[in-house]
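For reference, the structure discussed in these notes is given below.
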Amino acid sequence: MAPAAITLAAEAPTLSAANTGFMLICSALVLIMTPGLAFFYGGMVRVKSTLNMLMMSFISIGIVTILWVLYGFSMAFGTDSGSIIGWNSDWVGLSNIGLTELWDGYTIPIFVFMIFQMMFAIITPALISGALADRVKFTAWALFVALWATLVYFPVAHWVWGAGGWAFELGVIDFAGGTAVHINAGAAALGVILVIGKRVGFKKDPMRPHSLPLVMLGAGLLWFGWFGFNAGSWLGNDDGVGALMFVNTQIATAAAMLAWLIYEKIRHGAFTTLGAASGAVAGLVAITPSGGAVSPLGAIAVGVVAGVLCAMAVGLKYKLGYDDSLDVVGVHLVGGVVGSLLVGLLASGKGQSEVEGLFYGGGLDQFWKQCAGVFAVLAYSLIASAILAFLIDKTIGMRVPEDVEVAGIDQAEHAETAYDFSGAGGGYDRGAVPAPPASESKKVDA
């Protein structure tokens, strides 16, 4: 028995400085996605709601960080209980984790895995905020974020990624969050807006983006940060799968942007900057679950399908009458569903696993597993989120008063405005430059 014990000890993973450094960089990249999302959403709303939109993303950083440290990490990745939830009392408050204690089976410390996953937990509720633009009390939103993260995100993350979680054990493939992040957030957005109702003037007043350059800046930051979001989810660079995911992320995003623009030109007659930004995000969403399983050509297919279907889906709110302000349902829910299900068709067997999809001779087995993961997360998040919104609405109220919504939520909720035009025009500042003598002033007047 002694030789076997020696062999096992020799094969045990050791801390990799390279992988640890890479994962810390990826964690920072994922964090920058939340401010990027804030700019993306902030440019899409009207001027009077800009700051509120920014703050709805930024407050998620504060709230979810603390909850993740206190109990969220333990719930999502602790010892499994019933394939539904995890728990590890040693991780509560992160008080009993050694500095060099490794994440099981990997070469990075637990602290590094914890902080990387924290950034996912932060951005997911922030994604929901785009559907609720212009009309939600900031205190109600903050409470919703705390409750939703606890009751929806932490359990779903365990289902999908936690050892023992039912979707993980079933074999549902979700490389970086098609179900746990995007379908979860998109379904939650739909559940909440069905409870709180439409904006004042929906389908009547023009509600155009106030700053398309801000939208493009946000989309660029999201695209940049998404490389950490996706490539980092393999937790290292030892076998090339992370590199494949990086490559596929770029390919699918470009393909989706082009597909959205072509559809838009055919359907509406113009190539718009908003369409380019939205198409890119749709591609990023769709490749998130699938990029480790498909080939580069498969990534093009994922991007094209997502770009077209998401472009079509954003118009459904006008036909079906739900007010998804910034198209969270059309882009994140639909894009997440598309990317997750296409794994069952396009998995090549040469990426993150040997699983092959239907088009590679693998039959429909993986497709049905993907369906189980997709529709279970969708249903749970939709129902649970609607219930949370209903309870908050009946207690402290979810919506601002109608007159506040019409006048602008920024001033009422934050006592600020996004742009101060009081000094515009280059007027004469008597506080900064001495006034001319009276005689000179008369000459000028004359």
Side-chain angles (χ1 to χ4, degrees), residues 63-64 66-97 101-106 110 113-118 120-122 124-125 128 144-188 191 233 235 288-289 333 336-337 340-341 343-344 352-353 355 365-391:
I63 293 171
V64 178
I66 302 304
L67 297 185
W68 191 253
V69 169
L70 294 178
Y71 57 82
F73 180 54
S74 180
M75 288 178 64
F77 293 99
T79 303
D80 176 69
S81 178
S83 298
I84 298 297
I85 198 65
W87 189 255
N88 186 335
S89 58
D90 287 340
W91 294 351
V92 174
L94 309 181
S95 56
N96 292 299
I97 300 175
E101 187 177 350
L102 299 182
W103 184 244
D104 189 28
Y106 291 89
I110 292 176
F113 179 77
M114 179 280 302
I115 200 69
F116 180 68
Q117 288 294 336
M118 177 194 286
F120 281 64
I122 285 170
T124 306
I128 303 169
F144 177 83
V145 168
L147 293 175
W148 189 86
T150 301
L151 299 175
V152 181
Y153 182 80
F154 300 160
V156 170
H158 181 76
W159 297 356
V160 176
W161 293 318
W166 70 264
F168 182 87
E169 295 299 323
L170 179 63
V172 176
I173 292 176
D174 186 352
F175 194 98
T179 54
V181 175
H182 297 291
I183 293 174
N184 204 3
S233 290
L235 306 183
T288 292
L333 177 56
V337 169
S340 297
L341 295 184
V343 171
Q352 68 185 89
S353 71
V355 171
D365 182 60
Q366 188 61 39
F367 180 79
W368 298 127
K369 292 178 181 179
Q370 296 301 115
C371 287
V374 163
F375 294 110
V377 171
L378 194 162
Y380 176 70
S381 184
L382 175 68
I383 295 169
S385 303
I387 292 172
L388 286 176
F390 178 81
L391 293 175

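Checked against the 6.0 Å centroid criterion, the rings of Trp159 and Tyr380 qualify as a close aromatic pair. Taking the six-membered ring where the residue is Trp, the centroids of Tyr71 and Trp87 are separated by 6.0 Å or more.
Closest approach of Met75 and His158 over heavy atoms only: O-CB, 3.8 Å. Across Ser385 and Trp148, no two heavy atoms sit closer than the pair OG-NE1, 2.9 Å. Scanning all heavy atoms of the two residues, the minimum distance from Ser233 to Phe120 falls at OG-CZ, 3.5 Å. Across all non-hydrogen atoms, the minimal contact from Ala121 to Phe154 is CB-CE2, 4.4 Å. Across Leu67 and Ala149, no two heavy atoms sit closer than the pair CD1-CB, 4.5 Å. When all heavy atoms of Pro155 and Val152 are compared, the pair lying nearest together is CD-O, 3.3 Å.
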Ser381 and Val156: CA distance, side-chain angles, deciding distance, side-chain contact (heavy atoms from CB on, under 4.5 Å) verdict: CA-CA 9 Å; Ser381 184; Val156 170; 5.9 Å; no
Step-by-step side-chain contact (heavy atoms from CB on, under 4.5 Å) determination, Leu388 to Leu151: CA-CA 9 Å; Leu388 286 176; Leu151 299 175; 3.9 Å; yes
Step-by-step side-chain contact (heavy atoms from CB on, under 4.5 Å) determination, Tyr153 to Val64: CA-CA 10 Å; Tyr153 182 80; Val64 178; over 6 Å; no
Full working for side-chain contact (heavy atoms from CB on, under 4.5 Å) between Gln370 and Thr179: CA-CA 9 Å; Gln370 296 301 115; Thr179 54; over 6 Å; no
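Tested against Asn184 for a side chain to side chain contact (heavy atoms under 4.5 Å, CB included), the candidates Val377, Ile128, Leu382 yield a single pass: Val377.
Of the possible donor and acceptor atoms, none in the side chain of Trp368 sits under 3.5 Å from a partner among the backbone N and O of Gly344. Judged by distance alone, with hydrogens and angles left aside, the side-chain atoms of Ser83 form a donor-acceptor pair with the main-chain N or O of Gly164 at under 3.5 Å. When atom types are taken as modelled, the side chain of Trp103 and the backbone of Met114 share no donor-acceptor pair closer than 3.5 angstrom. A side-chain donor-acceptor contact under 3.5 Å links Ser74 to the backbone of Asn88.
Below 30°, between 30° and 60°, or above 60°: for Phe73 and Trp68 the angle between ring planes is between 30° and 60°, a tilted geometry.
In this structure, the separation between CD1 on Ile183 and CG on Asp174 is 7.5 Å, given to the nearest 0.5 Å. Taking CZ from Phe175 and OG from Ser353, the interatomic distance works out to 10.5 Å, rounded to the nearest 0.5 Å. Here the straight-line distance linking atom CG of Leu378 with atom CD1 of Ile383 works out to 9.5 Å at 0.5 Å rounding. Taking OH from Tyr106 and CG from Asp104, the interatomic distance works out to 9.0 Å, rounded to the nearest 0.5 Å. Taking OG of Ser340 as the reference point, atom CZ of Phe367 lies at 11.0 Å (rounded to 0.5 Å). Expressed to the nearest 0.5 Å, how far CD1 of Ile63 lies from CZ of Phe144 amounts to 11.5 Å.
Between Ile173 and Val355, some side-chain heavy-atom pair lies under the 4.5 Å cut-off.
The neighbour count for Phe113 CZ, taken as heavy atoms of other residues, nucleotides or ligands under 6.0 Å away, is above 12.
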